[in-house]
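So the structure is just underneath, and the comments pick up after that.
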There are 2 protein chains.
Amino acid sequence: MASKQSGKKSEGSDKVGTICRALRRAIIEQALEPGAKLPEDALGERFGVSRTIARHALGQLAAEGLVELRRNRIAVVATPSWQEARDAFDIRIELERLVVRQLAGRLSKSQIATLKAHVDAEDAARNGPDAVSIRLATEFHILLAQMTNSPILVRYVSEVAYRCCLTLSMFSRPHSSECAINEHRQLIAALAAGDEAKVMGLMHTHLDSVANRALVTPVPPRGRDLLDILAPYAADEDDEKNAAKPAKAVRLRAAAAE
Amino acid sequence: MASKQSGKKSEGSDKVGTICRALRRAIIEQALEPGAKLPEDALGERFGVSRTIARHALGQLAAEGLVELRRNRIAVVATPSWQEARDAFDIRIELERLVVRQLAGRLSKSQIATLKAHVDAEDAARNGPDAVSIRLATEFHILLAQMTNSPILVRYVSEVAYRCCLTLSMFSRPHSSECAINEHRQLIAALAAGDEAKVMGLMHTHLDSVANRALVTPVPPRGRDLLDILAPYAADEDDEKNAAKPAKAVRLRAAAAE
DNA sequence: CCTCAAAAAAGTGCATGCAATTGAGGCGCA
DNA sequence: TGCGCCTCAATTGCATGCACTTTTTTGAGG
């Protein structure tokens, strides 16, 4: 143990944040499914930290609603009910309407370019794995929130967007997000035009249709091994890089149905 | 060392939650002001736990935005900027409009009675300490959120309401919430009448005016000793008792506990 | 009396150890 | 076969210890 590979003493570590980011990503890419167990030991080992840190990270994720903590029991990825999923989308709609209301007609050229580039990336990833499409679509919304320059709004939108992502794992099937890409483009156009009412309506429609497409019927769990699942996430790549081909080397490992 | 006298082995402890609740309350009652230092040691000592637990609690509160965590530095009560405060209120307005939209015309008789009782309690506390009035006013809104039976909505409304409370500490002076009590009564009436549009408008106006009254100009800090401040909160009274007499109304049981 | 550096104190960051709880298998018994 | 009880491995709950960082205090020199 204690394999401190960094060598440096004062690394700007934030180990807890690293683990949180990794797990969040694993969850929104559906590598970790709702109900998946998250033992402190395994997490600590995977990320090279002690249980104390893993535990703290789980606490944070629980505060965000991505993880369920049961006393004296192994933590699991949250398993929202259908109703909770619907509630999350309702909240998300209001929050994101607020975002675009603040943004309409106030975006700089470079911001609009950034948004367009992101949607192009979504487009490019359309034929790749679903996991990436889903993540990119979510990140588009977070990107919008960030442009409001309101840290609070960013936090709430991110959080609720992640939760909505999670519900996709539970209730959605194959996933068909092509249309969503077009809606994103329309959104950008309306934002650039500064049509506040229209952009709010578009966002409402967009999210509502995503919710309606998403919340259909439960999906059976796959059941894989935690350590394998987490392998590609342990590196803490904050940007893309391996993002375009994130999950593939993962063996299916016939974990007994839980 | 090992002064664990607990005697009972399986106390349903949730020590972290206890500390969080106590600190939240101390913050919203303005006993702990923005910028107040929260050393892990002192917290642990005050609540009879180790630093590990105190630290974890601080992490949770930081996730809620009530506490600021700086690496290698003592944690402090959050000090939102004026703009952040305004943003928080904007978000709160949207969330609470969502609450009353769901509630309009759907409240049972007993729920309405509960709400009325709470407002009566607010009225009774009008001449008491400001701290209590503020807390009760905030709890009224949380009570409403709880009646939606949407855990997610409850969480977000609570969180943002606490944050708004915090901004009162920073930017508000003496506090004049009498009018707010009337607005609460109007809200109840409109909810009972089931007038969705009216109740949403009322909530908007109410919160907006609270925000405008609150966000005026900074207030100088008082500066007292942490241990003294926390003394009355260490007991973890989740409901009334030592709080002036906050109301027997706060007794709401959300739906199924699972 | 002020300035600044070095030492001491205070405080956080994190791993580790031990007690307590839970869940799973194994065994007896009907 | 099926059911309840018991034991034990797995795992969490939490305190403590040590290393490192920041803040405060001290004290010598100007």
Side-chain angles (χ1 to χ4, degrees), chain A residues 1-20 22-23 35-63 67-77 223 225-227 230 236 255-258, chain B residues 1-20 22-23 35-63 67-77 223 225-227 230 236:
Chain A
M1 313 342 187
S3 57
K4 298 303 295 157
Q5 71 297 11
S6 71
K8 296 175 52 171
K9 15 181 66 175
S10 74
E11 33 181 338
S13 21
D14 188 14
K15 308 185 185 230
V16 172
T18 300
I19 298 179
C20 283
L23 287 181
K37 291 183 181 176
L38 302 169
E40 298 173 359
D41 300 347
L43 254 33
E45 183 176 341
R46 167 56 72 192
F47 292 98
V49 299
S50 80
R51 274 203 315 122
T52 308
I53 305 304
R55 182 184 184 73
H56 202 90
L58 287 174
Q60 297 295 301
L61 293 170
V67 159
E68 278 164 23
L69 247 34
R70 310 107 97 205
R71 187 172 177 84
N72 283 319
R73 310 279 302 278
I74 303 181
V76 297
V77 176
D225 183 69
L226 176 65
L227 292 184
L230 249 28
D236 185 32
E258 201 80 31
Chain B
M1 45 181 49
S3 59
K4 259 8 244 136
Q5 73 309 0
S6 75
K8 294 174 53 174
K9 12 181 67 175
S10 73
E11 29 181 340
S13 18
D14 189 12
K15 310 189 184 222
V16 172
T18 301
I19 298 180
C20 283
L23 288 181
K37 292 182 181 174
L38 302 169
E40 298 173 358
D41 297 341
L43 254 32
E45 183 176 342
R46 168 54 74 192
F47 292 98
V49 299
S50 79
R51 273 203 316 122
T52 307
I53 305 305
R55 182 184 183 73
H56 203 88
L58 287 174
Q60 297 294 302
L61 293 170
V67 159
E68 279 164 23
L69 246 34
R70 311 107 96 204
R71 188 175 177 83
N72 282 321
R73 311 278 302 274
I74 303 180
V76 296
V77 176
D225 181 69
L226 177 64
L227 293 184
L230 248 29
D236 182 36

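Lettering follows sequence order; numbering is per chain, from 1.
For A:Ala75 against A:Leu58, the heavy-atom pair with the smallest separation is CB-CD1, 4.0 Å. Nearest heavy-atom pair across A:Leu69 and A:Gly59 is CD2-CA, 4.1 Å. Among all heavy-atom pairs drawn from B:Gln60 and A:Ala63, the shortest one is OE1-CB, 3.6 Å.
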Protein heavy-atom contacts under 4.0 Å, written 5' to 3' over nucleotides 7-14 of chain C as B (base), S (sugar-phosphate only) or - (none), form the string ----SBBB

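When side chains are defined from C-beta on, A:Val67 does not count as touching A:Val76, because their heavy atoms never get closer than 4.5 Å. Residues A:Val49 and A:Thr18 fail the side-chain proximity criterion, which asks for heavy atoms closer than 4.5 Å.
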